[in-house]
Amino acid sequence: MMEENIFSSPVQFIKNVGPRRAALLRRLGIETVGDLLYHFPRRYEDRSVTRSLVSSLLGETVTTYGVVIGGQEYRPRKNIQISKLALDGGRGVFYGVWFNQPYILSQMPPGTRLIVTGKLNRRFGAYEISVQDYEVIPRGLPLAPRRIVPVYTTTEKLYQKHLRTIIKNALEAWLPKINEFLPEELLRRHQIPSISEALYQIHNPDHPDKARAAYRRFVVEECFLFELALAILRERIRKKTKPHRYLRAGSLIPRVKASLPFHLTGAQKRVWHEIETDMQKDVPMRRLLQGDVGSGKTVIALLALCKAVESGLQGALMVPTEILAEQHYLKIKSFLKPFGVTTELLVGSMPESRKKEARSRILLGQSSIVIGTHALIQDKVMFHKLGLAVIDEQHRFGVRQRALLQEKGVQCDLLVMTATPIPRTLALTVYGDLDVSEIDEMPPGRREIETRVIPKEQLGKVFALLCAECSKGRQAYVVCPLIEESEQLNSEAAVELYRKISKQLAGQFRIGLLHGKMSAEDKEGVMEDFRAGHIDILVATTVVEVGLDVPNATVMIVFDAERFGLAQLHQLRGRVGRGSERSWCVLVADPKTEEARKRLKAIESTSDGFALAEVDLRIRGPGDFFGTKQSGLPDFRVADLQRDWRLFVQMRKEIPRYIKSLKPGTFKYFLLEQRLRHFQGKNLLYSLD
Ligand code: ADP
Ligand code: MG
């Protein structure tokens, strides 16, 4: 029966699940039988039965077997009730003790066969177990000599014991009806068990090896489904053609190139060629541009935007912070003014009247290039003819926001840029729906940034460096400690640090303050002063983290650096070393954990963002690195990008073969589709339609 699918049958129909337990299960994200069966154990406990209790096991949790020979109850204090059963373990008598479970005695009369688990003590010369878990073995059933018990993530009021029973019931009722949905060849190649075997073994392993094999099956399964979803998505995109076309040889690009104050590096030329080629195709571009901090991605975005403009289309550039939007806007606007290109800024904190005017110019096509923050993807914003959408610092946005910007046009071209590089192999799988370009070369004349980790006690050294550099006419950023909880607290910390530094240095230097709680206008003013060199030292929160480009700034000081992630520190460091002067990055830190020490050591010893990304992956795993929620990475149940990346890469290669063997309309195809939907629904990866 096709309707009887585990991924659509509600969990209520399982024995022992009523409305109350169904509600508890829902809290665990379990609504269907499939959800329940894919709720895998968090770990296992080895409860192999210990045949003889010996003193070397005292204090340990043991599992043993006994036949009830008698029992008693007592109440030593008002709120405590104790049930004590004497059990014959075959090699001597021991006691099982239960607290506040008054039914134990009546439920387990003499002769009952029991397996009990709990901590082993000795009292008055006899062994005694404080029972944490027990199981009655029905007459006639043998004792399994080795028992591996699953431990699940559960929720308040839903006990392990109950969850185990419910899952057991579900397996009993459904296993005979579950059919394999993965290609046979996949099972064979990876030597993994079938779905029913794997589901059974992952919940009730006969042996640890069986549990491992089952686990492996689900890793392969998730990996396969993920790559399959990406392949379907790529295929679908490939079939779309875009309504707009670009001029093959327009007049704006050559003029813009000629007036750049520098020559493009070889890497910039290469990626520009890749992008331009993509834009000229009939299908929409979907490209990721990776390049380390300071490698010069902005100018590439500028060229792409100009290509849209010279072809009579609009281009949009979305960035994560208002300060960065403002910076890009000012630069691009003044650069393109001589060419008669109109540039528009749209950020949330602009007065409503100004926003309204901007929106109307965007709608009428009077603005060719639109630069902004999340404000760009609001419903109210409509474009006249958007050809290209660029997203800078794309790791700060989610898949959904990326899609929303793209939907402002009709099949518009998409270029996403990131300075938070990820290893290429991983990029191919994670951003599997995008093509990847890489700027792997820095503009000429850059000098290595000197990075030092300095303990708080040596703050004097830090100030000396600040004074020395600012006296030479250079500028500095001072970033205050990061307080995760709120922007409010961060801003207060910045004000505090600003006061401290002003007290010490206000006579000598001009000091500015920048934080998230300031009005947009004040922020703009401060940034303008800093850019113009009217401020020597800028005390700021992490609002300065991404994108800012002030080449005269040569010092970056980060307080409490141990609180920052590696990617974040690398970004902050990237604010300096943008000119030809020697630059410093000072990390004032007092690392307390091994992990923090490793992070700081890594940033001190390498300036290569890609190498740092690899280190970060090793230290923290990709989940943290990408900020799973933001990157649109699925949250896998058992697969792990860091551990299993080879499998992902291999699977990506194998996928076309498997796709060929899938025959639409067959029962197997239907089953796979069901599971894929289930997988994607959970991950909110991409919608199927
Ligand atoms: P990012 O890749 O971090 O966004 P930017 O685009 O902000 O880097 O560029 C960093 C700095 O390098 C800017 O000041 C920019 O003008 C400069 N720059 C970019 N390309 C070149 C180049 N080919 N030669 C010299 N300087 C360049
Ligand atoms: Mg940038």
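The structure displayed is predicted, hence computed values, not measured ones. Remember, it's 1-based here, ligands and their atoms both numbered in the order they're listed.
Residue Leu466 holds its CG atom at 9.0 Å from CD of Glu469, rounded to the nearest 0.5 Å. We find the CG-OG1 distance between Leu305 and Thr343 to be 9.0 Å, quoted to the nearest 0.5 Å. Once rounded to the nearest 0.5 Å, the distance linking CZ of Arg270 with CD of Glu441 reads 8.5 Å.
Taking each heavy atom of Met318 and Gln401 in turn, the nearest pair found is CE-O, 4.1 Å.
Side-chain contact check for Glu310 versus Ile253: some heavy-atom pair is nearer than 4.5 Å.
Counting only heavy atoms of the protein, atom 13 (C) of ligand 1 lies nearest to Asp549 OD2, 3.1 Å. What sits closest to atom 6 (O) of ligand 1 on the protein, heavy atoms only, is Thr298 OG1, 2.6 Å. With respect to atom 16 (O) of ligand 1, the closest heavy atom belonging to the protein is Phe262 CE2, 3.5 Å. Among protein heavy atoms, atom 9 (O) of ligand 1 sits closest to Gly296 CA, 3.6 Å. What sits closest to atom 11 (C) of ligand 1 on the protein, heavy atoms only, is Arg446 NH2, 3.3 Å. Ranking protein heavy atoms by distance to atom 20 (N) of ligand 1, first place goes to Gln268 NE2, 3.0 Å. Among all non-hydrogen protein atoms, the one lying nearest atom 7 (O) of ligand 1 is Arg578 NH1, 2.9 Å.
With ligand atoms numbered from 1 in the order given, ligand 1 contributes 23 (N) to contacts under 4.0 Å with heavy atoms of Thr265. Within ligand 1, counting atoms from 1 as listed, the ones closer than 4.0 Å to a heavy atom of Val293 are 3 (O). Each of the atoms 22 (C), 23 (N), 24 (N) of ligand 1 lies under 4.0 Å from some heavy atom of His263.
Salt bridge status for Lys355 with Glu352: present, with a side-chain N to carboxylate O gap under 4.0 Å. Of the charged side-chain nitrogens involved, at least one lies within less than 4.0 Å of a carboxylate oxygen, so that Lys307 and Glu276 count as a salt-bridged pair.
Counting only non-hydrogen atoms, the option in His328, Lys331, Lys297 that gets closest to atom 2 (O) of ligand 1 is Lys297.
Considering both main-chain and side-chain atoms, Gly294 comes within under 3.5 Å of ligand 1 through a nitrogen or oxygen pair.
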Check the pair Asp549 / Arg578 against salt bridge (charged side-chain N to carboxylate O under 4.0 Å, His left out), numbers first and verdict last.
-> CA-CA 7 Å; Asp549 186 39; Arg578 300 192 144 237; 2.8 Å; yes
